[in-house]
*Asks:* 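Encoded as structure tokens, here's the structure I'll be asking about.
No hydrogens, no waters, no symmetry mates; every other heavy atom, side chains included, goes into these values. Residue numbering restarts at 1 for every chain, and letters A, B, ... go by the order of the sequence lines.
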Number of protein chains: 2
Amino acid sequence: MSYKRSNQQQLLSKLATNDQHGENSPYFDGWKAYDSDPFHPTKNPSGVIQMGLAENQLSFDLIEEWIKKNPRASICTNEGAHDFKDIAIFQDYNGLPEFRNAVANFMGKVRGDRVKFDPDRIVMAGGATGANETIMFCLADPGDAFLVPTPYYPAFNRDLRWRTGVQLLPIPSESSNNFQITIESLQKTYENATKNNIKVKGLILTNPSNPLGTTLSKSTLKSLVKFINSKRIHIVCDEIYAATLFTSPCFTSVGEIIEEVECDKDLIHIVYSLSKDMGLPGFRVGIVYSFNDGVVSCARKMSSFGLVSSQTQHFLATILSDDEFVVKFLEESSRRLGKRHAMFTKGLQKVGITCLRSNAGLFCWMDLRKLLKESSFEGEMELWRVIIKQVKLNVSPGSSFECLEPGWFRVCFANMDDETMGIALERIKIFVGKAEGEAAPPTPVKERRWRKELQLSFSTRMVHHHDNEGGAILPHMKSPHSPMPHSPMVLC
Amino acid sequence: MSYKRSNQQQLLSKLATNDQHGENSPYFDGWKAYDSDPFHPTKNPSGVIQMGLAENQLSFDLIEEWIKKNPRASICTNEGAHDFKDIAIFQDYNGLPEFRNAVANFMGKVRGDRVKFDPDRIVMAGGATGANETIMFCLADPGDAFLVPTPYYPAFNRDLRWRTGVQLLPIPSESSNNFQITIESLQKTYENATKNNIKVKGLILTNPSNPLGTTLSKSTLKSLVKFINSKRIHIVCDEIYAATLFTSPCFTSVGEIIEEVECDKDLIHIVYSLSKDMGLPGFRVGIVYSFNDGVVSCARKMSSFGLVSSQTQHFLATILSDDEFVVKFLEESSRRLGKRHAMFTKGLQKVGITCLRSNAGLFCWMDLRKLLKESSFEGEMELWRVIIKQVKLNVSPGSSFECLEPGWFRVCFANMDDETMGIALERIKIFVGKAEGEAAPPTPVKERRWRKELQLSFSTRMVHHHDNEGGAILPHMKSPHSPMPHSPMVLC
């Protein structure tokens, strides 16, 4: 084996033989756990429920209904087949004009028509994955750095860094401030980098945030744009969750900000996709939208490596240019996401689990700090393994999002039906109830305090005193000295 | 403007500000000429006819007929819409199992079932463009080199080099040897590189060749595999034109060779696509097929940047697993390509133009050396401009294929209907006829000799003596001292 390995190291590239692809993260490991034992309501009811995948599956019926009424939208129907040839051979990297128009129109609608998108700046890429890599290739040379607020999407380590050689420099955040990015932390990270002779080329934001499910306020966005403008560095706004907003405060696109703040538009770039807002990740529609002509030109050349299938372009051009459908879909999808979010968070609240208050996204940022055996990333991983293996839910640990505080988990809630969500909540309840049942009789006063704490917004940072002798917080681990005897999930 | 340029150079990456993307080649310029004045039989009958695009448009009716009979193949029909959700969310980079099975089956059928392809080695990429880049990222570090026989596909300079930083080292070939690759020229190029401390990582072949339209003999392929095996370098066989074979000799895949020659299979890789063989470039189906497990694993991770739309995977899985259709399609497509090739080459022969003898591909390698004002690449470009601007045909000059001898042009023949092909041939005839009409009375003996030469296989290298004082060979240039007074295209 070691001969084989060293042989491969000589034969293959460094990319192929190092592990910079980032797939060794627990984020992906959780997927593997799901893949090896996937839940099915009848065929495998005790399997792992996938809550690690940010999919939007709640509004497919609307699209299916539309399809049945619009057979011409497809080149693979009797009604549309006469277009088959023209579409099947279409490989122009500008994209079908009607596709670019429809996507620009859709991007505007998602942002309440407060931003107008120019179809000539719509550049295709292979999903947001490809779009994010493309923008890095356009903006930075190997070794250059981008600043990125923590916690951030785990696959950024692959998408933005792996083949481009770009570095990501995490900007610290903390729960006491709702994980919000501050100009101070940004400034400090920037200065540290330049002190170490690292060339900082820009700042990456996901807005709405993955994994937080929060949006940036207009004033924060303005400050950030002023900051990057003053440093002459780029801002790349990943807005792929724009239409997942389900409650106030509203979402503000960087496209609105630059109309209000004086800045060099050559520094402003948006990454978009239809994977989340329309729930079509399989269709691989990523968009680079840049206000910089040079980036548009370069990204368009690069789009040759990840063009959207023209069959898919044609279909989307038709459905997304149906304004009546788009408006209805966006409204209904947002409504259903809000309803599901409420169902999930209320279910968690009943068993004493809180999440960061959020207004968008397909996930919650769940606070399980109280359940950690020890307040460390080892403790977080231990809890995560229990959740995967015993509770049989694939959730993603905060460490894989480069979160600096252990005990936070991202849990996706829109990639399943109500029944499966009910089962997931039931499993959590049983897990918690079992823990309660096995627990020592609670001390009423302390319990009340604990429950109150759990119901508080996480904005009050909670300090945990763990049992250094191994006080157990999980059902399979027994200890008479748990520091949190009153937690419903604690055994003692 | 210069401020703007220098500003962009500071802001953007080297990739975005240099011109290594290769799009400044006349190969792409010809497309632009077509785009600005495209031929249409009724709307723009004097426009440029596109003969620079290697598309296979001759058998779409077969696919359309199949579609109408198989509405379930699409998720956008009444019959197939119930699969919409499952397919639209499918984003696994392994691909739909039925897609991989169908593609493996199709690749076998294209090769007469002489090679069996393992579906688990089928890795998706964004077209052959993406597949070629992916394999470079897997095999070579920036600065490493691949050897590539000339003439070669112009966009290799973008696909293989641009973002990977890999060098391409051309292997010389000459018309006297039908542009065949020889072990001697390969050996010499390899040795020159190593002498110059360039790390050679492999050899790239297109088989069938683009632009030659020829296939490599089994014995040549065996020698090449033995060579790369002895040097411990890779061979990447781009076999995207495998099913365009329309006459003998037959096509041999490297997949057959490695069963007959002792070699390390870790060095063997195939690039495939459905753009040419099925005529579906818009669908962006590129395949990396490697016999090296490390490459399969790495390429699969990279496929995240260029997954095939799951809508398209689903459709192709259905049509390509219909063996009866596949066999019929492959036979009929080959027959139609052969017929068109014969129509085109016979039409050229009538006006005294020969092409390299070929048995595959969607193009001919046309010999216009006799028509060069001077035997140089400047002369070639001058002739090319006349063909684009006056004859109004977009053909591609040999220089853009890194051909070392001026006067060869690639002309595509399968991306138009019979009527348009007739018009293209008519334009050539008129161009030639006009030249003849304006020409001085021919000397019969010499003319006969000239015609005989033109009808010879190009394997007899023809030496041209041009008028150094500016003897004209083109209708718009008059000279009384043409060295080729008997050419039908020569004015004197």
*Asks:* Would you say the side chain of A:Ile67 lies within less than 4.5 Å of the side chain of B:Ile75, judging by non-hydrogen atoms?
*Replies:* no
*Asks:* Under 4.5 Å, counting heavy-atom pairs only, tell me which of A:Asp144, A:Leu11, A:Thr129 racks up the most with chain B.
*Replies:* A:Leu11
*Asks:* Between B:Gly127, B:Ala16, B:Ala128, B:Ala88, which has the largest tally of heavy atom pairs under 4.5 Å with chain A?
*Replies:*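 Among B:Gly127, B:Ala16, B:Ala128, B:Ala88, the one with the most close pairs to chain A is B:Ala88.
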*Asks:* Pairing donors with acceptors under 3.5 angstrom, does anything connect the side chains of B:Thr312 and A:Ser309?
*Replies:*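 Yes, because at least one side-chain N or O of B:Thr312 sits under 3.5 Å from a partner of the opposite role on A:Ser309.
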*Asks:* For B:Cys76, which of A:Cys76, A:Ser74, A:Pro71 qualifies under side-chain contact (heavy atoms from CB on, under 4.5 Å)?
*Replies:* A:Ser74
*Asks:* Which one of A:Ser275, A:Ala299, A:Pro281, A:Gly286 has the most heavy-atom pairs closer than 4.5 Å to chain B?
*Replies:* A:Pro281
*Asks:* Please work out whether the ring planes of A:Phe84 and B:Phe315 are parallel, tilted or perpendicular, with thresholds of 30° and 60°.
*Replies:* tilted
*Asks:* Name the member of A:Asn415, A:Asp159, A:Thr164 that forms the most heavy-atom pairs with chain B at distances under 4.5 Å.
*Replies:* A:Asp159
*Asks:* Could you check which of A:His82, A:Glu55, A:Gln10, A:Gln313 has the highest count of heavy-atom pairs closer than 4.5 Å to chain B?
*Replies:*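 Max contact count across the listed options: A:Glu55.
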*Asks:* Only pairs of heavy atoms separated by less than 4.5 Å count here; which of B:Arg163, B:Lys201, B:Met302 has the most with chain A?
*Replies:* B:Arg163
*Asks:* Answer with side chain, backbone, both or neither: which region of B:Ile63 has an atom nearer than 4.5 Å to a non-hydrogen atom of chain A?
*Replies:*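 Side chain of B:Ile63 only, per the 4.5 Å heavy-atom cut-off to chain A.
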*Asks:* Looking at A:Asn70, A:Asp266, A:Leu267, which has the largest count of heavy-atom pairs under 4.5 Å with chain B?
*Replies:*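 Max contact count across the listed options: A:Asp266.
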*Asks:* Closer than 3.5 angstrom, by distance alone: can the side chain of A:Lys68 be matched with the main-chain N or O of B:Thr77 as a donor-acceptor pair?
*Replies:* no
*Asks:* Heavy atoms only, distances under 4.5 angstrom: which of A:Lys85, A:His314, A:Lys69, A:Glu79 has the most pairs with chain B? Name it, please.
*Replies:* A:Lys85
*Asks:* Of all the residues in residues 132-142 of chain A, which have a heavy atom that comes within less than 4.5 Å of a heavy atom in chain B?
*Replies:* A:Glu133, A:Thr134, A:Phe137, A:Cys138, A:Leu139, A:Ala140, A:Asp141
*Asks:* Checking B:Val295 against chain A: side chain, backbone, both or neither under 4.5 Å from a heavy atom?
*Replies:*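 Backbone plus side chain of B:Val295, per the 4.5 Å heavy-atom cut-off to chain A.
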*Asks:* Distance from A:Ile89 atom CD1 to B:Leu280 atom CG, nearest 0.5 Å?
*Replies:* 10.5 Å
*Asks:* Under 4.5 Å, counting heavy-atom pairs only, tell me which of B:Trp66, B:Phe283, B:Phe90 racks up the most with chain A.
*Replies:*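 Top count of heavy-atom pairs under 4.5 Å with chain A: B:Phe283.
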*Asks:* Checking A:Asp293 against B:Gln8: is there a side-chain donor and acceptor pair closer than 3.5 Å?
*Replies:* no
*Asks:* Under a 4.5 Å heavy-atom cutoff, which of B:Ala81, B:Gly80, B:Gly306, B:Ala73 has the most pairs with chain A?
*Replies:*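 So the answer, after comparing B:Ala81, B:Gly80, B:Gly306, B:Ala73, is B:Ala81.
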*Asks:* Where on B:Met278 is there a heavy atom nearer than 4.5 Å to chain A: the side chain, the backbone, both, or neither?
*Replies:*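 Neither part.
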*Asks:* Just so I know, are the side chains of A:Asp264 and B:Asn7 near enough to count as touching, which here means a heavy-atom distance under 4.5 Å?
*Replies:*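 Result yes, sub-4.5 Å side-chain heavy-atom pair found.
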*Asks:* Are any of the side-chain heavy atoms of A:Phe305 and B:Trp162 separated by less than 4.5 Å?
*Replies:*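 Contact flag for A:Phe305/B:Trp162 side chains = yes.
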*Asks:* How would you list, by chain and number, every residue that makes a ring-ring contact (aromatic ring centres under 6.0 Å, His included) with B:Phe329, sequence neighbours excluded?
*Replies:* B:Phe325
*Asks:* With chain A, which of B:Glu64, B:Lys301, B:Lys14 has the greatest number of heavy-atom pairs at distances under 4.5 Å?
*Replies:* B:Lys301
*Asks:* Could you point out which residue of B:His21, B:Arg158, B:Arg284, B:Glu23 forms a side-chain hydrogen bond (donor to acceptor under 3.5 Å, both in side chains) with A:Ser304?
*Replies:*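 So the option named by the test is B:Arg158.
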*Asks:* Say whether, by atom type as modelled, one donor and one acceptor occur between the side chain of A:His234 and the main chain of B:Leu12 under 3.5 angstrom.
*Replies:* no
